[in-house]
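Have a look at the structure below before the remarks.
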Amino acid sequence: MATVEVTAENFNDTVKEGTVLLDFWAEWCGPCKTFGPTFEAASEEHTDVTFGKVDTEEQGELAQAFQIMSIPTLMVFRDGIRIYEGAGALPPAALEDLIQQAKAIDMDEVRTKIAEAEAEAGNEN
């Protein structure tokens, strides 16, 4: 699967199911251009993962909503839950490792931890 363009309009539908990697980038960004082919190659190899690109110039509201301070920034979502965020271009081996880790996460455990944290925060108020 090739990369898909992610916009404010399709963001929620894009990240709600499965494993999704988002590359926040801009045309003028040298490191973004360097990382682009690595991201694209991974998208061809991992057809079970959605790879999306968010142009921070065209999608300023998304970049602002996620407080993107430097690009490229990579985010990983599983079933609508953000499980990773990091700035900087990753080499192919590091991107592959990140993808494997994302696929291996026990999402039931993640949801349980989120529920526990929310319950604890509710008890503090």
Side-chain angles (χ1 to χ4, degrees):
M1 167 186 261
T3 59
V4 296
E5 181 181 348
V6 178
T7 66
E9 291 75 31
N10 70 2
F11 176 83
N12 287 333
D13 286 338
T14 302
V15 302
K16 72 180 178 184
E17 292 180 12
T19 303
V20 180
L21 276 75
L22 295 183
D23 174 19
F24 287 80
W25 70 285
E27 185 64 37
W28 51 263
C29 167
C32 297
K33 289 182 177 184
T34 301
F35 180 60
T38 299
F39 192 75
E40 187 70 35
S43 77
E44 297 294 337
E45 188 174 327
H46 295 277
T47 57
D48 57 331
V49 175
T50 300
F51 288 77
K53 298 196 56 90
V54 180
D55 184 334
T56 58
E57 295 293 306
E58 292 181 11
Q59 300 301 318
E61 63 277 10
L62 274 179
Q64 208 169 33
F66 285 103
Q67 300 177 341
I68 301 299
M69 298 297 194
S70 83
I71 52 176
T73 290
L74 186 63
M75 287 188 191
V76 182
F77 291 80
R78 279 275 310 269
D79 303 334
I81 299 170
R82 183 173 27 167
I83 59 172
Y84 173 84
E85 177 180 346
L90 295 177
L95 180 58
E96 178 64 28
D97 184 53
L98 178 61
I99 293 166
Q100 294 306 323
Q101 288 183 52
K103 289 179 177 183
I105 287 179
D106 180 343
M107 289 308 292
D108 289 332
E109 185 178 321
V110 170
R111 284 186 277 276
T112 298
K113 287 182 179 180
I114 290 171
E116 288 170 356
E118 288 173 351
E120 187 174 308
N123 289 336
E124 291 175 3
N125 291 333

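Atoms considered below: every heavy atom in the structure, side chains included; atoms not considered: hydrogens, waters and symmetry mates. For the single chain, residues carry numbers from 1 onward in sequence order.
We find the CE-OG1 distance between Met69 and Thr73 to be 10.0 Å, quoted to the nearest 0.5 Å. Annotation: the span from Leu22 atom CG to Leu62 atom CG amounts to 8.5 Å, rounded to 0.5 Å. Between the CG atom in Leu90 and the CG atom in Leu74 there is a gap of 6.0 Å [rounded to 0.5 Å]. Expressed to the nearest 0.5 Å, how far OG1 of Thr7 lies from CD of Glu61 amounts to 8.0 Å. Taking OG1 of Thr112 as the start and CE of Met107 as the end, the distance is 10.5 Å to the nearest 0.5 Å.
The salt bridge (charged side-chain N to carboxylate O under 4.0 Å, His left out) analysis of residues 88-97, with sequence neighbours excluded, yields no pairs. For the ring-ring contact (aromatic ring centres under 6.0 Å, His included) condition, the pairs that include at least one residue of residues 71-94, sequence neighbours left out, are Phe11-Phe77.
For the residue pair Val6 and Gly52, the shortest heavy atom distance occurs at CG2-CA, 3.7 Å. When all heavy atoms of Ala102 and Val76 are compared, the pair lying nearest together is CB-CG1, 3.7 Å. Closest non-hydrogen pair, Pro72 versus Ala89, comes out as CG-N, 3.7 Å. Nearest heavy atom pair, residue Thr14 against residue Val20, reads O-CG2, 3.3 Å. A pairwise comparison of heavy atoms in Ala26 and Glu57 identifies CB-CG, 4.1 Å as the closest pair. Here the closest heavy-atom approach between residue Glu17 and residue Asp79 is recorded as C-OD1, 4.0 Å.
Side-chain atoms of Lys103 and Val49, non-hydrogen and from C-beta on, do get closer than 4.5 Å to each other. Phe51 has its side chain within reach of His46: a pair of non-hydrogen atoms, C-beta onward, lies under 4.5 Å apart. Side-chain contact between Glu85 and Phe66 is absent, with no heavy-atom pair separated by less than 4.5 Å.
Sparse packing is recorded around CD of Gln67, with 12 or fewer heavy atoms of other residues, nucleotides or ligands lying under 6.0 Å away.
Checking Thr3 against Glu40 by side-chain atom types alone, a donor-acceptor pair falls below 3.5 Å.
Residues Leu95 and Trp25 do not share a hydrophobic cluster, defined by chaining ILVMFWY side chains whose heavy atoms lie under 4.5 Å apart.
Of the possible polar contacts, one joining the Arg78 side chain to the Ile105 backbone as a donor-acceptor pair under 3.5 Å is found.
Residues passing the salt bridge (charged side-chain N to carboxylate O under 4.0 Å, His left out) test with Glu27 are Lys33, sequence neighbours excluded.
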